[in-house]
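Just follow the structure's listing: the first ligand is 1, and inside any ligand the first atom is 1. Count residues from 1 along the sequence.
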Amino acid sequence: MKTLLVLNGPNLNLLGTREPQVYGTQTLADVESLCLKACAAHGLKLDFRQSNHEGELVEYLHEAGRAQSAGTLLGVVLNAGAYTHTSVALHDAIKGAGVTVIELHISNVHAREPFRHHSYISPVARAVMAGFGVQGYALAIDGLVAMAAA
Ligand code: CA2
């Protein structure tokens with residue numbers, strides 16, 4: 001049974017506690033449950049993580065690259081949070097690890113402040129999903145599975 005990694009960046013541990021008009025009312029634990037369901041439907045094991053630390057996210061992406069090379073990991077659904085718009089380190093980590101990443105955003109970042117319009121992740125992502133709310137996580141999992149099967 002292969003694993004799929006859902007990786008969440010800074011402040012996503014606060015999901016459901018503030019800004020419900022932007023991010024909805026579901027918590028990160030709710031998101032983990034919906035990812036678990038989506039992975040189970042495809043016979044996949046879920047590895048669900050969150051970190052507020054850029055270096056830790058880099059380490060997780062390196063680990064994911066090794067697991068994908070070893071054939072035990074299908075790929076990563078990554079919501080890099082605000083690091084999306086700032087982190088050359090995450091860009092380089094994805095590229096260097098050679099790991100398949102689907103970039104995911106709960107909100108439609110392109111309909112928000114201009115500083116959220118640029119992503120360092122998009123050029124090294126296989127696909128980008130934004131604006132579907134937390135349901136986007138399940139859609140991204142389905143999309144990653146479909147891509148891997150094609
Ligand atoms: O829409 C998304 O998923 C984002 O990746 C979320 C990031 C934001 O910086 C990106 O531009 C878009 C922010 C995550 C913080 O989430 C919070 C949720 C509730 C309360 C406070 C923060």
The one among Thr17, Val22, Asn79 that brings a heavy atom closest to atom 5 (O) of ligand 1: Asn79
Can you name the atoms of ligand 1, numbered from 1 with element, that are less than 4.0 Å from a heavy atom of Ala82? 9 (O)
The protein heavy atom nearest to atom 13 (C) of ligand 1 is Tyr23 OH, 3.3 Å
Give the residue, atom name and distance (to 0.1 Å) of the protein heavy atom nearest atom 8 (C) of ligand 1. Arg116 NH1, 3.3 Å
Within 4.0 Å of some non-hydrogen atom of Leu14, the atoms of ligand 1 are 19 (C), 20 (C), 21 (C)
Using a 4.0 Å cut-off to any heavy atom of Asn11, which atoms of ligand 1 qualify? 15 (C), 16 (O), 17 (C), 22 (C)
What's the shortest distance from atom 2 (C) of ligand 1 to any protein heavy atom, and which residue and atom give it? Ile106 N, 3.3 Å
Does any donor atom in the side chain of Asp30 or Ser33 lie under 3.5 Å from an acceptor atom in the other side chain? no
Side-chain donor/acceptor of Glu103 to backbone N/O of Ser122, under 3.5 Å: yes
Give a yes or no answer on whether the side chain of Asp142 reaches the backbone of Leu139 with a donor-acceptor pair at less than 3.5 Å. no
Run down the list Gly9, Gly81, Ser107 and name the one with the heavy atom closest to atom 1 (O) of ligand 1. Ser107
Going by side chain to side chain contact (heavy atoms under 4.5 Å, CB included), Thr100 matches just one of Leu144, Leu74, Val76. Which one? Leu144
Just wondering, are more than 12 heavy atoms of other shown residues or ligands nearer than 6.0 Å to NZ in Lys2? yes
Arg49 and salt bridge (Lys or Arg N to Asp or Glu O under 4.0 Å): which partner among Glu56, Glu59, Glu63, Glu32? Glu63
List ligand 1 atoms under 4.0 Å from Val109, heavy atoms only on the residue side. 11 (O), 12 (C)
Looking only at protein heavy atoms, which one is nearest to atom 4 (C) of ligand 1, and what is the separation? His105 ND1, 3.7 Å
Quick one: which ligand 1 atoms are inside 4.0 Å of a heavy atom on His85? 10 (C), 11 (O)
After noting the C-alpha distance and the side-chain angles of Ile106 and Tyr137, does the key distance pass the side-chain contact (heavy atoms from CB on, under 4.5 Å) rule? CA-CA 8 Å; Ile106 298 166; Tyr137 283 84; 3.9 Å; yes
Anything under 30° is parallel, anything over 60° is perpendicular, the rest tilted; go ahead and classify His117 against His110. tilted
